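Below is one structure; the comments refer to it alone.
Not measured: the values here are computed from a predicted model. Below, read A as the first sequence line, B as the second, and so on, with proteins coming before strands; counting in each chain starts at 1.
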Amino acid sequence: MKRTLKLKLVKAVKIKPSFPFDFNSTFYKPDHFTTGDNFWQTDIRWQTWNWQGRPLGIKFLNRGSVSQPVVEIKIYANYKISLNSLHSLLEEIKYSYNFNLNLKDFYQNFKNDKILGKIIKKWRGLRPGHPSSLYEYLIIGIVLQNASVRRSAQMFQALLQNYGTLLDFAGKQLWCFWKPGGLKNISEDELRLLKVGYRAKTIKKIDEQFVTGQINELDLRSQNRETQMSELLKLYGVGPATVWYILFDVFHHLDYFDHISPWEQKIYSKLFFNRDPENPIAVSKLLKYLERFGKYKQLAVHYVWEDLFWRRRTEKIPWLEKEIRQ
DNA sequence: CATCAGGGCCCTG
DNA sequence: CAGGGCCCTGAT
């Protein structure tokens, strides 16, 4: 059993995102499976963060409103974090959660859309966002491949609990991701014992490619989408589905939408065409339909999707339960 | 019990 | 460019 790392509060800052900004729908995405690296309750989000190779705990608190947003960020560590490092961490947080995204044009364009209209009103200030680094997201993407939600969550938790660090901060115990290259001394067979199956090979290779510097997140961030895609596709085990997730969640492309997996196809068929999910609309037709959202295709679907999963928390949506297969 | 399809991707032919 | 194989799991 690994030791728990106790962290102390080292810094608290208040940041004002651009408005409108909705704390809860930005910091909690009900469609993401829970993995023990974060915890949310109304107006508070706990999140572990491997920053520059070391584990940190972060507590986000809602200190404002949608129209006058203020987010307090409390940082917990077990070492002295330099001012420089702290500053760049805050910049990274702002980037990850799209604190400065301007939503006005999107809202203006679609306030009368028959599907989006109501949703953007209800979720005004919702930002897309994801706390994972590229490395972390690649690992997540790999455990998502060819597996149902329950199995993906199981694989991810096994990885986290074996190679991550359990942090104790702000009243929570949460697992923090290991750093890129952290699997250097772990064999493929050892990974297989965690029942990740053939993904063991992929996970090893991804980890190695970060050690050797074959891929650099910040460099890639400054490249255009085509370059990002082609670089990511070079990684062993990364194909169009994984790239599609990363382009949105890691590189924040709000417009790119070219991939629909079978289970998503069923859900979109119901959402956009009120079609029986068992008799779904063709992917090509769905993609054509999404053209109406132009440069906000991915953002628009994110809103519809989050709305659906937020509703799932309070209403019964039998057809959805059937498609999710927990 | 056995068989099978997954929230893909690689590799082969 | 089509299709088999891959790990494991829960559903049938």
- Task: Mind calculating the distance between CZ (Arg150(A)) and P (dG10(C)) to the nearest angstrom?
- Result: 6 Å

- Query: Do any pairs count as a ring pair (Phe, Tyr, Trp, His ring centres under 6.0 Å) and have a residue in residues 98-121 of chain A, sequence neighbours left out, and if so which ones?
  - Reply: Phe21(A)-Phe99(A), Phe106(A)-Phe110(A), Phe106(A)-Tyr296(A), Phe106(A)-Tyr303(A), Phe110(A)-Phe293(A)

- Query: Quick one: does Ser269(A)'s side chain have a donor or acceptor within less than 3.5 Å of a partner on Pro277(A)'s backbone?
  - Reply: no

- Message: For a 4.5 angstrom cut-off between non-hydrogen side-chain atoms, does Gln145(A) reach Thr242(A)?
- Response: yes

- Task: Mind checking Leu235(A) for me? I need base, sugar-phosphate or nothing, with any heavy atom below 4.0 Å counting as a touch.
- Result: sugar-phosphate

- Message: Which residue in the set Tyr137(A), Phe27(A), Trp49(A) passes side chain to side chain contact (heavy atoms under 4.5 Å, CB included) when paired with Pro131(A)?
- Response: Trp49(A)

Check nucleotides 4-7 of chain C against the protein and report each pair of N or O atoms closer than 3.5 Å, with its distance, or say if there are none.
residue: dC7(C); atom: OP1; partner: Arg192(A); partner atom: NH2; Å: 2.5
residue: dC7(C); atom: O5'; partner: Arg192(A); partner atom: NH1; Å: 2.8
residue: dC7(C); atom: O5'; partner: Arg192(A); partner atom: NH2; Å: 3.1
residue: dC7(C); atom: O4'; partner: Tyr198(A); partner atom: N; Å: 3.0
residue: dC7(C); atom: O2; partner: Arg151(A); partner atom: NH1; Å: 2.9
residue: dC7(C); atom: O2; partner: Arg151(A); partner atom: NH2; Å: 3.0
residue: dC7(C); atom: O2; partner: Arg199(A); partner atom: NH1; Å: 3.2
residue: dC7(C); atom: N4; partner: Asn146(A); partner atom: ND2; Å: 3.4

- Interatomic distance, Gln157(A) CD vs dC8(C) P [rounded to whole Å]: 18 Å

- Message: Strictly below 4.0 Å, N to O, side chains only: are Asp105(A) and Lys295(A) in salt-bridge contact?
- Response: yes

- Message: Within the 4.0 Å heavy-atom criterion, would you say Thr202(A) contacts the bases, only the backbone, or no part of the nucleic acid?
- Response: nothing

- Pick base, sugar-phosphate or nothing for Tyr236(A), based on heavy-atom distances below 4.0 Å to the nucleic acid. sugar-phosphate

- Can a salt bridge be assigned to the pair Asp168(A) and Lys6(A) using a cut-off of 4.0 Å between side-chain N and carboxylate O? yes

- Please list every stem that involves DNA chain B, where a stem is a run of 3 or more consecutive Watson-Crick or G-U wobble pairs with both pairing distances under 3.5 Å. B:2-6 with C:8-12, B:8-13 with C:1-6

- Which value, in whole Å, describes the distance between the C1' atoms of nucleotides dT9(C) and dC10(B)? 22 Å

- Item | Ring center gap for Tyr97(A) and Phe60(A) short of 6.0 angstrom | yes

